[in-house]
Amino acid sequence: MSSKLLTISPHFPVLNTATTLSSSTPSKPELSFPPHHRNFHSLSERTHIPSHVYKHPTAILLELCTSMKELHQILPLIIKNGLYSELLFQTKLVSLFCKYGSPSESARVFHSIEDKLDVFYHTLLKGYAKNSSLEDAFSFFVRMRYDDVRPVVYNFTYLMKALGDNSDLKRGKEIHGQLIKHGFGSNLFAMTSVVNMYAKCREIGEAYKMFDRMPERDLVSWNTIIAGYAQNGYAMMALDLVLRMQNELQKPDSITLVTVLPAVADMMSLKIGKSVHGYVVRAGFDSLVNISTALVDMYSKCRSLGTARLIFDRMDNKTVVSWNSMIDGYVQSEQPKEAMAIFRNMLDKGFEPTNVTIMEALHACADLGDLEQGKFVHKLLDKLKLGYDVSVMNSLISMYSKCKKVDIAAKLFENLRDKTRVTWNAMILGYAQNGCINEALSCFSEMQSQNIKLDSFTMVSVITALAELSVTRQAKWIHGLVIRTCLDKNVFVMTALVDMYAKCGAIHTARQLFDMMDERHVTTWNAMIDGYGTHGLGKASVDLFNEMQKGTIKPNDITFLCVISACSHSGLVKEGLQYFESMKKDYGLDPAMDHYGAMVDLLGRAGKLNDAWDFIQKMPTEPGISVFGAMLGACRIHKNVELGEKAAKKIFELNPEEGGYHVLLSNIYATASMWDKMAKVRTVMEKKGLQKTPGCSLVDLRNEVHSFYSGSTSHPQSKQIYAFLQTLGDKIKAAGYVPDTNSIHDVEDDVKEQLLNSHSEKLAIAFGLLNTRPGTTIHIRKNLRVCGDCHNATKYISLVTGREIIVRDMHRFHHFKNGTCSCGDYW
DNA sequence: ATAGGGTTAG
C-alpha cells in the first residue's frame, strides 16, 4: 500500500489528485517496497496535502516558475511564509533545482528534510546523473543504498548513462551486477541502458551479448545497438542490424539512419553510403533536415561531391552544418576555390558562420596561398566574436604560415593566451616551412620547457625543420627522440625521417628506414624516389618507382615529377620520356607546368636542345617561366647562345621576379666571350631593380652552422681561410687543376683566380678542412647551383686531401671522393 | 549532425 507514494509526481498537476493518491491503487511490481521500509509510518501521514498549502499564492507562483532566476526570487517567499518544510514545497524545490541544472542547491533542500521520501532520492540522483559529475552521481547512489532506499529501474538507467558517457567500464560492470541483483536483468529500459554503457566503453561485443539476451526489444534498443556499432567504426555491422530489425518487424526511424550515416562517412565507403541513401529514400526520410545534412556530409567525405552538391542544392531548409559539410567536402577534395565560392555564397545568403565554417574557409585560403581572402576571413572573426576560439586561432596561424606570412602567424601565437599542443605544432611547422629553422627549433624547446607533451605532429614539424638544416648530428638526435617517444611506427614521422636523412646525404640510412616501414604513403615513396634522384642515383630511383607500380600505392603527380627529374639528373632520357607518356596513359594524370619543365630539363641537360625546343612548341598549354628557365639552363650548360636568347626573350616577357635568369643569360654570353651583350644584360637587370641572389654556403661544425657568402671576409677565421685557399690552390694545380677563368672579363689573371677563390662553396670547404680532423667528411649546403670551376676544384681537393666532401646544391647532391664526383660531371 | 596542427615536389 505504501507503493502509491511513488506515483506522486514532483510536478504540479498531480497535486490536485493528492486525495485520490492516498486511496489504495494497485502497484507496479518493480516499484513495490518491502514492508520493513524505514519510512513506512511517517509516509502515509505526510501524503495528504492540505488545501491551504497547495492553494497558497506562493505555490501558484512556483507553478508558474520557468527559470533558475525566478526560482531564486521565489525561494525567500517560501521561507518567509513558513512553507519550506511543507512536503509540497520540498518536492517542488528538489525537483526544480535539478531541472534548472543545479543539483547542489537541490541537495541543500534535500539535506534539510527530516523524513526523506524515496522520490527525493530518485529526483536528486537523476539531477546528479544529468547535470553533475559522475562522481557525484555515483557517491549519491552509494549513499542511497546506505540509507536503505530501494533502487527503482530509472535509477539504473540514469546512472548507466552517466557511466557510459564517462567510459567508466569498471563501475559500469559493478552497477550492471547490482542491476541484475535487483531483478532488472530482463527489463527493457534497464538493459537498453546497459547495452549503451558497454557500447560507449568500446566493448561492442559485450554490448551485443546483452542486446542479444534481451527478451523484448523496442526501437530505442535497436537504435542503441546500431549506434554502438556505428560509433565503434563498424558501419557494415550497423547496416546489417538495420536490415535485421526489419526482419523482426521493427521499422527503423530517422534516428536509426542518422546514426549510421556518420559511420559510413568515416569509412569513406561510397557503396554502403549509397545503400543507406536508398533506404532513406524508400522510407521517405529524405526531406528531413538532419538526414539530408548527414547525407551531404557522407557524400562529401566519400569524395562524391556531385551527389553531395545535388542533395545540398535541393535542400530548401539548409543549416549551417550542411554548408559546413559542403565546404569541407571541397576542401578535402583539394578544390579550395570551389570551397571559397560556397563560403561566399553562404555569407551572401545571410547564414552566420560558426567556428567550423571559419576553420574550413581558412583551410581553403591556406591551400590557395591566398593571403587577401585569408585576411578577409580573419576580419570576419571580430564581427562573429570567434576571436577567442583556440581552434580558430590555430587555423589562422596555419593559414598565415602557408601564405608565407610567418611573422603575422608568430604575432598571433605570442598574443594567444590559451595555447594548446595544436597551437604549438602549427607554429613550429609554420616556422619550418618558411625556412626559419632557428625559430622552429627554439619554439620546440620552449614547448618542451613548458612541459607540453609532444606528439607525432610536433615530431613531423621538427623533423621538417631539421631536414632543411641537414646536419647529420641533429638528424641522429631527433631519430633517437622518435624512438624514445615510440613514434617510430607513425607513417608521417617515418616519412619525414626518410626525407630528412636523404637531405642530409645519408641516402642509405634513408633506405634502411624506408625498408623497415610496415605502412607507406605515396609521400613516403616520393621522398625516397626523389632522394635517389637528387643523389644522382637514377637507376635506383627508377627501380624503386617500378617496384612502387607493382604495389597498391598509386603514384601521383609528384611521384612523376620526382622520377622524371631523377632521370634528368642521370641522363636517362629514354626512361624519362616513357614515364611522361605513362603518366597520362596509365594513370590519367594531366602533366602540370612543372612536369613540362622537368621534361625540358631532361632533354636539354642531355644536350638534345632542339628536341627540348620542339617539345616546348608542342605543349598544349602556354609554357611558363619554369619551362623556359629549364631551357635557358640547358643552353648555358651546352653553350648555345641562339636558343638561349630565344628562351630568355620569352622569360623576360613574363617578368620574372628573380634576377637568376638574367644572370644565366649573362653567363651564356660570358662563356661565349660576348662581353658587350653580357654588359647589356647586367644593365637591364639593374634598371629593373632585379637582384642576383647572393651565393651562400653553409657548413656545420660541432653545434654551430657557419654561413659563407661569396667574397665575404666577415668570418672570424677569414684571414686563415683565404691563406689556406692560396696554398690549397697550389697543391691542386700541381695535381692538374686548371682554373676556369673564361667567364671573367676585364681583369688580370691573378685577380680572376682570386675571384674564383672567394666563391662561397670554396670558403665553406676551406673552413671545414681547417677545423676538422683528417679523414672527416665535410658537408656543405649551397643555395644556388654549384659553379663549374668550384666543382672541378672540389674534385681535386678531395684527391689531394683524401677527404670526402658532400655538397648539396639547389637541385642535387655531389659526393666528391678521390678526385671524382658522384654526378659524373653531369649536372 | 559539421571541425583545428602532419610527410613528398616547386
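Any value given below was found using the heavy atoms of this structure, including those in side chains, with hydrogens, waters and symmetry copies removed. These numbers were taken from a predicted model, which means no experiment stands behind them. Chain letters run A, B, ... following the sequence lines, proteins first, then strands; residues in each count from 1.
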**OP:** Send over the distance from Leu362(A) CG to dA3(B) P, rounded to a whole Å.
**Re:** 16 Å
Subject >> Donor-acceptor contact below 3.5 Å, side chain Lys318(A) vs main chain Met315(A) >> reply: yes
Subject >> Gap between atoms CZ and C1', on Phe580(A) and dA9(B) respectively (whole Å) >> reply: 16 Å
Subject >> Selection from dG6(B), dA1(B), dA9(B) that lies nearest to any side-chain heavy atom of Ile558(A) >> reply: dA9(B)
**OP:** Kindly compute the distance separating CG (Asp809(A)) from CG (Leu784(A)), expressed to the nearest 0.5 Å.
**Re:** 9.0 Å
**OP:** Under 4.0 Å between any heavy atoms, over every strand shown, what does Lys301(A) touch: base, sugar-phosphate, or nothing? Just pick one.
**Re:** sugar-phosphate
Subject >> Nucleotide nearest Glu360(A) when distance is taken to its side chain, options dG5(B), dA9(B), dA3(B) >> reply: dA3(B)
Original post:
Within the distance-only criterion (no hydrogens, no angle test), does the side chain of Arg808(A) pair as donor or acceptor with the backbone N or O of Asn783(A) below 3.5 angstrom?
Top reply: no
Original post:
From the list dG5(B), dA3(B), dG10(B), which nucleotide is the closest neighbour of the side chain of Asp328(A)?
Top reply: dA3(B)
**OP:** From the options dT2(B), dT8(B), dG5(B), select the nucleotide whose nearest atom is closest to the side chain of Val356(A).
**Re:** dT2(B)
**OP:** Quick one: label Ser456(A) by what it contacts on the DNA or RNA (base, sugar-phosphate, nothing), any heavy atom closer than 4.0 Å.
**Re:** base
Original post:
What's the closest nucleotide to the Cys562(A) side chain, out of dG6(B), dA9(B), dT2(B)?
Top reply: dA9(B)
Original post:
Which listed nucleotide (dG6(B), dG5(B), dA9(B)) is nearest to the side chain of Arg421(A)?
Top reply: dG5(B)
**OP:** Taking only the side-chain heavy atoms of Lys503(A) (C-beta and beyond), determine which of dT8(B), dG10(B), dG4(B) contains the nearest atom.
**Re:** dT8(B)
Original post:
Taking OP1 and OP2 of dT2(B), is either one under 4.0 Å from a side-chain nitrogen or oxygen of Lys318(A)?
Top reply: no
**OP:** Kindly state whether the ring of Phe492(A) and the ring of Phe457(A) have centres lying under 6.0 angstrom apart.
**Re:** no
**OP:** Look at the side chain of Asp499(A) and decide which nucleotide, out of dA3(B), dG5(B), dT8(B), has an atom nearest to it.
**Re:** dT8(B)
Subject >> Nearest to side-chain heavy atoms of Val390(A), which nucleotide of dA1(B), dG4(B), dG5(B) >> reply: dG4(B)
